[in-house]
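Whatever order the structure lists them in is the order used to number ligands and atoms, beginning at 1.
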Amino acid sequence: MGSSPNSKPKIVRGTAGYVLEDVPHMADYIPDLPTYTNPLQINPAYSVVKQYFVHVDDSVPQKIIANKDSPRGVHFRRAGPRQKVYFDSDDVQAAIVTCGGLCPGLNTVIRELVCALYHMYGVKKILGINGGYKGFYAHNTIALTPKSVNDIHKRGGTILGSSRGGHDTTKIVDSIQDRGINQVYIIGGDGTQRGADRIFEEIRRRHLKVAVVGIPKTIDNDIPVIDKSFGFDTAVEEAQRAINAAHVEAESGENGIGVVKLMGRYSGFIAMYATLASRDVDCCLIPESPFHLEGPGGLFEFVERRLKENGHMVIVIAEGAGQELVSESMQSLQKQDASGNKLLQDVGLWISQKIKEHFSRLKIMHINLKYIDPTYMIRAVPSNASDNVYCTLLAQSAVHGAMAGYTGFTSGLVNGRQTYIPFYRIIEGQNKVVITDRMWARLLSSTNQPSFTVSKIAAEEKREEEPTGEQQ
Ligand SMILES: Nc1ncnc2c1ncn2[C@@H]1O[C@H](COP(=O)(O)OP(=O)(O)O)[C@@H](O)[C@H]1O
Ligand SMILES: O=P(O)(O)OC[C@H]1O[C@](O)(COP(=O)(O)O)[C@@H](O)[C@@H]1O
Ligand SMILES: [Mg+2]
């Protein structure tokens with residue numbers, strides 16, 4: 001099931017098709033671990049709340065649409081504080097690291113991890129690892145306290161710094177052992193969670209009492225299982241500013257076209273949600289929906305029609321859209337970044353050039369095209385109010401899970417509930433826009449753009465039906 005050779009999924013089956021995909025616990029590989037009373041029981045903020053502690057058997061269903069005959073299906077362990085904890089607060093040495101690309105809310109997660117550890121559990125020893133995974137063995141660490149992180153949620157980026165590449169599992173676990181770290185909080189995307197899984201497996205192999213916890217971060221929203229990543233809403237909101245600018249420019253020029261390129265290497269969620277939110281977008285292009293430029297049902301035909309109807313238009317394009325067309329025309333080499341992610345050609349620049357060439361070559365009409373590339377602006381901003389709340393819940397859930405002795409899990413939102421998801425489920429695939437789902441249909445109906453796939457299939461079928469020259 002998982003991609004890690006060592007992972008043995010903990011599956012619990014119940015009645016009526018109930019399945020719990022459980023997370024590992026340190027007690028699975030270390031016998032006779034002592035337990036302690038959860039300090040929250042005497043914390044005035046929480047002791048008044050009835051049923052503050054989560055029942056040990058509580059779980060959250062992955063699918064909530066059901067009919068009378070459907071089996072209960074897959075569930076994940078519900079996040080939250082437990083009656084018993086597996087760490088004495090004075091013995092905890094926690095470490096926090098941020099890896100991969102930036103995302104709004106990273107600083108909020110760091111802040112809330114520190115505050116939850118300190119204020120809820122009385123943990124005083126918290127280290128920040130500088131500069132991503134390689135910081136475990138190549139950089140200095142910084143001591144984190146509620147005071148030192150007090151204001152950081154108001155800033156974009158990550159106070160710890162981040163990096164791609166440089167994951168050496170043995171060196172990282174050696175460093176964890178040498179520094180006496182026993183709780184590791186790893187904030188990052190799919191690559192980071194793969195790295196966290198390796199660290200967990202090595203820690204388990206060495207029988208160390210260390211909880212390894214992932215907190216999912218992805219601006220592209222491409223991590224499976226979870227409802228969405230923190231920072232996604234903020235990025236979509238920030239993208240509105242670029243779309244608005246494109247719309248103003250397009251409206252003000254003769255046959256104005258505004259082109260906005262947004263992030264989305266393999267998944268077009270930002271482009272799709274930014275388009276749905278804006279209502280000023282005439283065409284949204286994403287990696288999951290192939291398109292073509294020339295001929296019937298192609299992009300050029302649609303642009304011409306929209307300009308004739310409205311006098312202006314806005315195109316939103318995800319950076320990973322149409323890469324096969326770009327490679328065809330630019331004969332580009334396949335390049336990768338330090339983490340092994342595919343490096344893309346600038347599709348925004350390419351499509352802008354193609355549209356300009358088309359209209360000038362065929363002398364159809366004079367156009368005014370403005371290209372806006374807000375790529376890094378949408379992820380370098382601080383998180384908005386709702387993302388800040390989301391980051392807080394993710395961080396608190398992560399701390400509750402580690403204190404309760406769970407390990408090898410990612411803290412994630414499933415159907416609006418905080419859960420603990422085993423690493424193998426988080427790293428097994430990539431979340432993508434499903435163009436046969438209702439959301440994409442909503443987008444098509446809001447922009448009234450052609451469904452390029454349908455028109456391409458129809459054009460190909462028509463070509464096949466038409467007699468060829470040879471047959472005549
Ligand atoms: N398969 C993997 N195994 C171990 N570490 C990985 C793996 N893929 C990526 N990493 C490490 O995770 C970190 C972040 O990965 P990256 O792909 O850049 O960002 P993200 O986590 O946002 O996907 C990097 O330090 C990288 O070396
Ligand atoms: O230029 P960088 O820093 O490598 O990051 C850019 C890339 O990271 C991404 O934002 C993906 O990162 P996520 O892991 O946050 O989803 C891509 O959309 C983008 O191409
Ligand atoms: Mg990634």
S.K.: Determine, using heavy atoms of Gly165 and all atoms of ligand 1, whether some pair is separated by less than 4.0 Å.
M.R.: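 It does, in that a heavy atom of Gly165 comes within the 4.0 Å cut-off of ligand 1.
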
S.K.: Does Thr375 reach the main-chain N or O of Met263 with its side chain, forming a donor-acceptor pair under 3.5 Å?
M.R.: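 Absent.
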
S.K.: Which protein heavy atom lies closest to atom 1 (N) of ligand 1, and at what distance to 0.1 Å?
M.R.: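 Answer, as residue, atom name and distance: Arg194 CD, 3.5 Å.
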
S.K.: Geometry only, no angles: is Asp337 polar-contacting ligand 2 at N/O separations under 3.5 Å?
M.R.: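 Among all N and O atoms of Asp337, none is under 3.5 Å from an N or O of ligand 2.
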
S.K.: If you have a sec, work out which protein heavy atom is nearest atom 21 (O) of ligand 1 and how many Å separate them, to one decimal?
M.R.: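 For atom 21 (O) of ligand 1, the nearest protein heavy atom is Thr192 OG1, 2.4 Å.
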
S.K.: Using a 6.0 Å cut-off, check whether atom CZ of Arg206 has over 12 heavy atoms from anything other than its own residue.
M.R.: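 Yes.
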
S.K.: I need the nearest protein heavy-atom contact for atom 22 (O) of ligand 1: residue, atom name and distance, please.
M.R.: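 It is Lys217 NZ, 2.9 Å.
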
S.K.: Any sub-3.5 Å donor-acceptor pair from Tyr133's side-chain atoms to Thr192's backbone N or O?
M.R.: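 Side chain of Tyr133 to backbone of Thr192: a pair is present.
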
S.K.: Are there any protein N/O/S atoms under 2.8 Å from the Mg ion (ligand 3), and if so, which?
M.R.: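 The answer is Asp190 OD1.
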
S.K.: Nearest heavy-atom pair of Ala318 and Ile286: which atoms, and what distance?
M.R.: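 Looking at all heavy atoms of both residues, the shortest contact is CB-CA, 4.1 Å.
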
S.K.: Checking a contact table here: which protein heavy atom is nearest atom 4 (C) of ligand 1, and how many Å away?
M.R.: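 For this ligand atom, the closest protein heavy atom is Gly195 CA, 3.4 Å.
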
S.K.: Considering non-hydrogen atoms of the protein only, which is the closest contact for atom 9 (C) of ligand 2, and what is the distance?
M.R.: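 Residue, atom and distance for the closest contact: Asp220 OD2, 3.8 Å.
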
S.K.: Which ligand 1 atoms does Gly100 reach within 4.0 Å, using its non-hydrogen atoms?
M.R.: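 That gives atoms 14 (C), 18 (O), 19 (O), 22 (O) of ligand 1.
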
S.K.: Apply salt bridge (Lys or Arg N to Asp or Glu O under 4.0 Å) to residues Asp222 and Arg265 and explain how you reach the verdict.
M.R.: CA-CA 9 Å; Asp222 57 4; Arg265 213 191 289 257; over 6 Å; no

S.K.: With a 3.5 Å distance limit and no angle check, can you tell me whether Gln193 reaches the backbone of Gly188 through a side-chain donor-acceptor pair?
M.R.: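 Here the side-chain-to-backbone pair exists.
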
S.K.: Tell me which protein heavy atom sits closest to atom 23 (O) of ligand 1, plus the residue, atom name and distance to 0.1 Å.
M.R.: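 Minimum-distance protein heavy atom for atom 23 (O) of ligand 1 reads Asp190 OD1, 2.6 Å.
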
S.K.: Does one side chain, of Ser383 or Thr108, offer a donor that lies under 3.5 Å from an acceptor on the other?
M.R.: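 Thr108 and Ser383 do have a side-chain donor-acceptor pair below 3.5 Å.
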
S.K.: Assess whether salt bridge (Lys or Arg N to Asp or Glu O under 4.0 Å) is satisfied between Glu202 and Arg205, documenting all intermediate values.
M.R.: CA-CA 5 Å; Glu202 180 58 18; Arg205 198 186 64 76; 2.8 Å; yes

S.K.: Looking at Arg379 and Asp220, is there a salt bridge between them, counting it only when a charged N and a carboxylate O are closer than 4.0 Å?
M.R.: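 No.
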
S.K.: May I ask you to decide if the ring planes of Phe452 and His292 are parallel, tilted or perpendicular, using 30° and 60° as cut-offs?
M.R.: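 It falls in the perpendicular class, over 60°.
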
S.K.: Kindly give the heavy-atom pair with the smallest separation between Lys356 and Ile367, and that separation in Å.
M.R.: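 That closest heavy-atom pairing would be CA-CD1, 4.1 Å.
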
S.K.: Quick test of your reading of the structure: of Ala196, Gly340, Gly191, whose heavy atom lies closest to atom 8 (N) of ligand 1?
M.R.: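 Heavy atom nearest to atom 8 (N) of ligand 1 belongs to Gly191.
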
S.K.: Would you check whether Leu102 has a nitrogen or oxygen atom less than 3.5 angstrom from a nitrogen or oxygen atom of ligand 2?
M.R.: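 It does not: no N or O of Leu102 is found under 3.5 Å from an N or O of ligand 2.
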
S.K.: Checking Phe359 now: which residues fulfil ring pair (Phe, Tyr, Trp, His ring centres under 6.0 Å) with it, not counting sequence neighbours?
M.R.: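 Phe359 satisfies ring pair (Phe, Tyr, Trp, His ring centres under 6.0 Å) with no other residue.
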
S.K.: Looking only at the side chains, is there a donor atom on one of Asp190 and Tyr266 sitting less than 3.5 Å from an acceptor on the other?
M.R.: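 The criterion, which ignores hydrogens and geometry beyond distance, is not satisfied for Tyr266 and Asp190.
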
S.K.: Identify the protein heavy atom lying closest to atom 15 (O) of ligand 1, giving its residue, its atom name and the separation to 0.1 Å.
M.R.: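 Looking at atom 15 (O) of ligand 1, the protein heavy atom closest to it is Ser339 OG, 3.5 Å.
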
S.K.: Of Lys217, Glu319, Met263, which has the heavy atom at the shortest distance from atom 17 (C) of ligand 2?
M.R.: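 Minimum heavy-atom distance to atom 17 (C) of ligand 2 goes to Glu319.
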
S.K.: Pairs of nitrogen or oxygen atoms closer than 3.5 Å, one from Gly188 and one from ligand 1: do any exist?
M.R.: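 No; every N/O pair is 3.5 Å or more apart.
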
S.K.: For ligand 2, which atoms have a heavy atom of Gly264 less than 4.0 angstrom away?
M.R.: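 Listed by number with element: 18 (O).
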
S.K.: Is it the case that Ser175 and Arg179 place a side-chain donor and acceptor less than 3.5 Å from each other?
M.R.: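 Side-chain D/A pair, Ser175 to Arg179: present.
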
S.K.: Please work out, at 4.0 Å between heavy atoms, whether the side chain, the backbone, both, or neither of Asn341 comes within that distance of ligand 1.
M.R.: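 Side chain only.
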
S.K.: Within the structure, does Thr218 bring an N/O atom to less than 3.5 angstrom of an N/O atom in ligand 2?
M.R.: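 Checking ligand 2 against Thr218, an N or O pair does fall under 3.5 Å apart.
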
S.K.: Shortest non-hydrogen contact from Ala398 to Leu113?
M.R.: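 Ala398 and Leu113 have their closest heavy atoms at CB-CD2, 4.2 Å.
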
S.K.: What protein heavy atom is closest to atom 8 (O) of ligand 2, reported as residue, atom name and distance in Å?
M.R.: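 Ranked first by proximity to atom 8 (O) of ligand 2 is Arg164 NH2, 3.2 Å.
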
S.K.: Could you tell me the residue and atom name of the protein heavy atom closest to atom 7 (C) of ligand 2, and the distance to it rounded to 0.1 Å?
M.R.: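 Ranked first by proximity to atom 7 (C) of ligand 2 is Arg265 NH2, 3.2 Å.
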
S.K.: Would one find an N or O of Tyr376, backbone or side chain, under 3.5 Å from an N or O of ligand 2?
M.R.: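 N/O-N/O distance below 3.5 Å exists for this pair.
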
S.K.: Check ligand 1 against Gly189 and write out every atom of the ligand that is under 4.0 Å from a heavy-atom position of the residue.
M.R.: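 Counting from 1, the qualifying ligand atoms are 20 (P), 21 (O), 22 (O), 23 (O).
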
S.K.: Has Gln193 got any heavy atom lying under 4.0 angstrom from an atom of ligand 1?
M.R.: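 So Gln193 does not count as touching ligand 1.
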
S.K.: Heavy-atom distances under 4.0 Å are what count here, so tell me which part of Lys134 touches ligand 1: side chain, backbone, both or neither.
M.R.: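 Lys134 to ligand 1: no contact under 4.0 Å from either part.
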
S.K.: Can you tell me the protein heavy atom closest to atom 19 (O) of ligand 1 and the distance?
M.R.: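 The closest one turns out to be Arg164 NH1, 3.1 Å.
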
S.K.: Does Gly131 offer a backbone N or O that forms a donor-acceptor pair with the side chain of Ser163 under 3.5 Å?
M.R.: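 Judged by distance alone, yes, a pair lies under 3.5 Å.
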
S.K.: Kindly state whether the ring of Tyr273 and the ring of Phe232 have centres lying under 6.0 angstrom apart.
M.R.: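 Yes, ring centres under 6.0 Å apart.
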
S.K.: Taking only Lys NZ, Arg NE, NH1 and NH2, and the carboxylate oxygens of Asp or Glu, determine whether Arg425 and Glu428 approach each other closer than 4.0 Å.
M.R.: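 Looking at Arg425 and Glu428, the cut-off is met.
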
S.K.: Heavy-atom contact check, 4.0 Å cutoff: does Cys103 meet ligand 2?
M.R.: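 So Cys103 does not count as touching ligand 2.
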
S.K.: I need the atoms of ligand 1 closer than 4.0 Å to a non-hydrogen atom of Arg198, numbered in the order shown.
M.R.: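 What qualifies from ligand 1 is 1 (N), 3 (N), 4 (C).
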
S.K.: Look at atom 3 (O) of ligand 2 and say which protein heavy atom is nearest, naming residue and atom and giving the distance to 0.1 Å.
M.R.: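 The protein heavy atom lying closest is Arg379 NH2, 2.8 Å.
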
S.K.: Salt bridge or not for Lys228 and Asp233, using N-O below 4.0 Å?
M.R.: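 Yes, Lys228 and Asp233 are salt-bridged.
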
